[in-house]
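Before any comments, here is the structure.
Per chain, numbering begins at 1; letters A, B, ... match sequence-line order.
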2 protein chains.
Amino acid sequence: MPTENLLEHIRKFVPFSKEEEETLLTYLNVKSLKKKEFLLKEGQICIANHFVVKGCLRMFYITEEGTEQMIQFAIDNWWMTDYMSFDVQKPSQFNIQAVENTEIVYLDKQKMEELFSKLPKTERYFRIIIQKAYAASVMRLRYIFTQSGEERFLHFCESFPEFVQRVPQYMLASYLGFSAEFLSKIRAKKI
Amino acid sequence: MPTENLLEHIRKFVPFSKEEEETLLTYLNVKSLKKKEFLLKEGQICIANHFVVKGCLRMFYITEEGTEQMIQFAIDNWWMTDYMSFDVQKPSQFNIQAVENTEIVYLDKQKMEELFSKLPKTERYFRIIIQKAYAASVMRLRYIFTQSGEERFLHFCESFPEFVQRVPQYMLASYLGFSAEFLSKIRAKKI
DNA sequence: AGAAAATCTTGAACTAGTTCAAGAAATGAG
DNA sequence: CTCATTTCTTGAACTAGTTCAAGATTTTCT
């Protein structure tokens with residue numbers, strides 16, 4: 001049951017009663033995505049918050065030069081949405097796409113608001129996970145400012161060894177803030 | 001009354017009754033900081049979340065080369081804390097310091113938790129403002145990845161003209177991700 | 001299996017931004 | 001008003017990482 005993964009994740013942060021969990025379930029939708037399927041395209045309004053049960057999503061945009069710039073990834077047990085667009089329901093500047101076949105549970109904007117008033121504890125859960133995502137984003141800035149491309153790559157390989165195998169190198173290079181060719185040269189040196 | 005500024009900010013996002021506002025006030029502390037006074041030093045545990053009523057705070061760290069790297073600023077009506085340290089009460093990797101004489105209202109960790117259970121609506125307020133801060137942080141990454149140093153500077157000047165006068169250039173340069181010398185050269189070209 | 005699409009590699013020429021050093025200008029404290 | 005501190009500027013030498021282009025390898029699809 002995909003929704004069970006989400007409940008388990010929620011329980012780690014906020015305790016719910018059986019009844020509350022039942023109620024929560026009625027707000028959730030489930031979806032299976034094929035590799036390369038889009039959840040959001042630049043210009044569209046982001047209408048849902050997505051929880052990855054199994055698989056991998058990426059958020060990216062296309063630069064003026066026409067290359068893809070990776071912003072973030074979400075793997076098992078991570079939420080992914082464009083809060084900028086989701087919050088005020090304005091067109092998004094990002095794409096969200098499945099990197100591999102992916103199962104998600106999602107909550108759309110309206111249901112999320114209803115859920116917050118019905119079960120205020122869910123708002124606590126999101127306060128906590130968004131706070132953690134924000135803290136991680138600040139740390140990412142720190143790495144980008146301080147470390148060289150090579151250092152960032154080595155550090156990333158140590159921190160997420162499984163992940164490095166899972167996404168194409170050019171996506172990882174872009175996420176780390178350098179060109180695909182440069183990543184190829186780093187690897188040539190190290191192997 | 002400095003706390004009145006905060007109440008006004010909160011009201012923009014979540015409506016409170018008079019009684020609730022009274023209760024909220026009892027959790028808040030007020031403090032005046034002299035220019036260069038520290039709220040947090042690297043290695044200390046971050047015990048409070050700070051709301052700037054008037055003035056300016058900066059968050060930064062010292063790189064291996066011994067230079068200051070700016071992470072963010074907070075001016076009037078912004079919250080500032082190191083959520084990484086605040087959340088799990090581990091030593092911080094950042095400094096928070098007043099750039100000019102600054103008045104703040106602050107909530108310490110324990111009071112914040114108490115407040116969340118006493119008035120769940122305050123947790124909604126923080127969910128909203130942290131979500132906005134997170135969205136802004138993602139946009140900042142976008143600018144850093146896509147724009148050249150010069151473009152980022154010009155864009156920043158357009159977006160926050162008053163602010164550019166207010167902080168030393170070397171802090172702004174560091175915040176924008178390049179050296180103080182380079183900012184000096186950009187300005188020489190444009191004026 | 002075989003063709004097409006996607007991904008990775010390599011080298012050469014290049015550039016945005018750094019580093020160092022030293023002086024000039026502005027601001028602040030007594 | 002003056003001395004000390006902080007901030008800003010400028011030029012020259014340098015480097016981390018880019019861009020372009022073309023070929024090699026791997027994966028995917030039928």
Side-chain angles (χ1 to χ4, degrees), chain A residues 33-38 55-56 58 60 62-70 73 95 97-102 143-157 163-191, chain B residues 33-38 56 58 60 62-70 73 97-102 143-157 163-191:
Chain A
L33 301 167
K34 283 262 162 63
K35 182 171 176 170
K36 298 199 181 173
E37 203 173 328
F38 281 85
C56 180
R58 64 170 177 148
F60 70 99
I62 307 290
T63 67
E64 286 181 7
E65 293 81 40
T67 61
E68 296 178 349
Q69 175 62 55
M70 239 44 57
F73 294 102
N95 304 280
Q97 188 192 30
V99 176
E100 48 191 63
N101 293 344
T102 301
Y143 291 127
I144 287 172
F145 282 139
T146 317
Q147 301 185 319
S148 68
E150 183 166 353
E151 284 168 336
R152 260 173 282 148
F153 174 64
L154 297 176
H155 180 259
F156 189 89
C157 287
F163 193 79
V164 179
Q165 317 298 71
R166 218 160 140 180
V167 303
Q169 273 181 45
Y170 74 91
M171 289 189 194
L172 185 55
S174 166
Y175 175 81
L176 292 172
F178 46 75
S179 68
E181 292 92 334
F182 185 59
L183 178 46
S184 197
K185 282 160 195 172
I186 293 172
R187 297 182 75 238
K189 265 204 289 184
K190 296 285 138 187
I191 296 172
Chain B
L33 302 166
K34 283 262 162 63
K35 182 172 176 171
K36 298 201 181 168
E37 204 173 328
F38 281 85
C56 180
R58 64 171 178 149
F60 70 100
I62 308 290
T63 66
E64 286 182 8
E65 292 81 38
T67 61
E68 296 178 348
Q69 175 62 55
M70 238 47 55
F73 294 102
Q97 189 192 29
V99 177
E100 48 191 63
N101 293 343
T102 300
Y143 291 127
I144 287 172
F145 281 140
T146 317
Q147 299 185 320
S148 68
E150 183 166 353
E151 285 169 334
R152 259 174 282 148
F153 174 64
L154 297 176
H155 180 260
F156 189 89
C157 287
F163 193 78
V164 178
Q165 317 298 71
R166 220 160 137 181
V167 304
Q169 274 181 44
Y170 74 90
M171 288 188 194
L172 184 54
S174 166
Y175 175 80
L176 292 172
F178 46 75
S179 69
E181 293 92 333
F182 185 59
L183 178 47
S184 197
K185 283 161 194 171
I186 293 172
R187 297 182 74 239
K189 265 203 288 183
K190 296 285 138 185
I191 298 173

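Proximity of a side-chain donor or acceptor of Arg152(B) to a complementary backbone N or O of Thr146(B) within less than 3.5 Å is not detected. Put simply, the side chain of Asn101(A) gets close to the backbone of Lys35(A): a donor and an acceptor are under 3.5 Å apart. At distances below 3.5 Å, at least one donor-acceptor pair connects side-chain atoms of Gln97(B) with backbone N or O atoms of Lys36(B).
Considering only heavy atoms from C-beta on, Thr63(B) stays 4.5 Å or farther from Phe145(A) through its side chain. Within the 4.5 Å cutoff, the side chain of Phe73(A) has heavy atoms near those of the Arg58(A) side chain.
Taking atom CD of Gln147(A) as the reference point, atom C1' of dA16(D) lies 15 Å away to the nearest angstrom. Rounded to whole Å, the distance from CD1 on Ile186(A) to C1' on dC8(C) is 14 Å. Summarising the geometry, the separation between CZ on Phe153(A) and P on dG17(D) is reported as 13 Å, rounded to the nearest angstrom. When rounded to the nearest whole Å, the span between CD1 of Ile144(A) and P of dA16(D) equals 19 Å. The CD atom of Gln165(B) sits 12 Å away from the P atom of dT27(C) (whole-angstrom rounding). Rounded to an integer number of Å, the gap from Glu100(B) CD to dT6(D) P is 18 Å. Here the P atom of nucleotide dG28(C) and the NZ atom of Lys34(B) are 14 Å apart, to the nearest Å. Look at CG on Leu183(A): it is 15 Å from C1' on dA16(D), rounded to the nearest Å.
Of the inter-residue distances, the one linking Tyr175(A) atom OH with Phe156(A) atom CZ reads 5.5 Å to the nearest 0.5 angstrom.
Each of Tyr170(A) and Arg152(B) was assigned the nucleotide of DNA chain C with the nearest heavy atom; the assignment lying further toward the 5' end belongs to Tyr170(A).
Using a 4.0 Å heavy-atom criterion, one finds that Ser184(B) contacts the bases of the nucleic acid, with or without backbone contacts as well.
Distances shown here put every side-chain N or O of Arg187(A) at or beyond 4.0 Å from the OP1 or OP2 atom of dC8(C). Checking the phosphate oxygens (OP1, OP2) of dA6(C), no side-chain nitrogen or oxygen of Gln169(A) falls inside 4.0 Å.
Between Phe153(A) and Phe178(A), the distance from one ring center to the other does not fall under 6.0 angstrom.
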| task | Any chance you could list the contact pattern along nucleotides 18-30 of chain D? Use B for base contacts, S for sugar-phosphate-only contacts and - for none, protein heavy atoms under 4.0 Å, 5' to 3'. | result | BBB-------S--
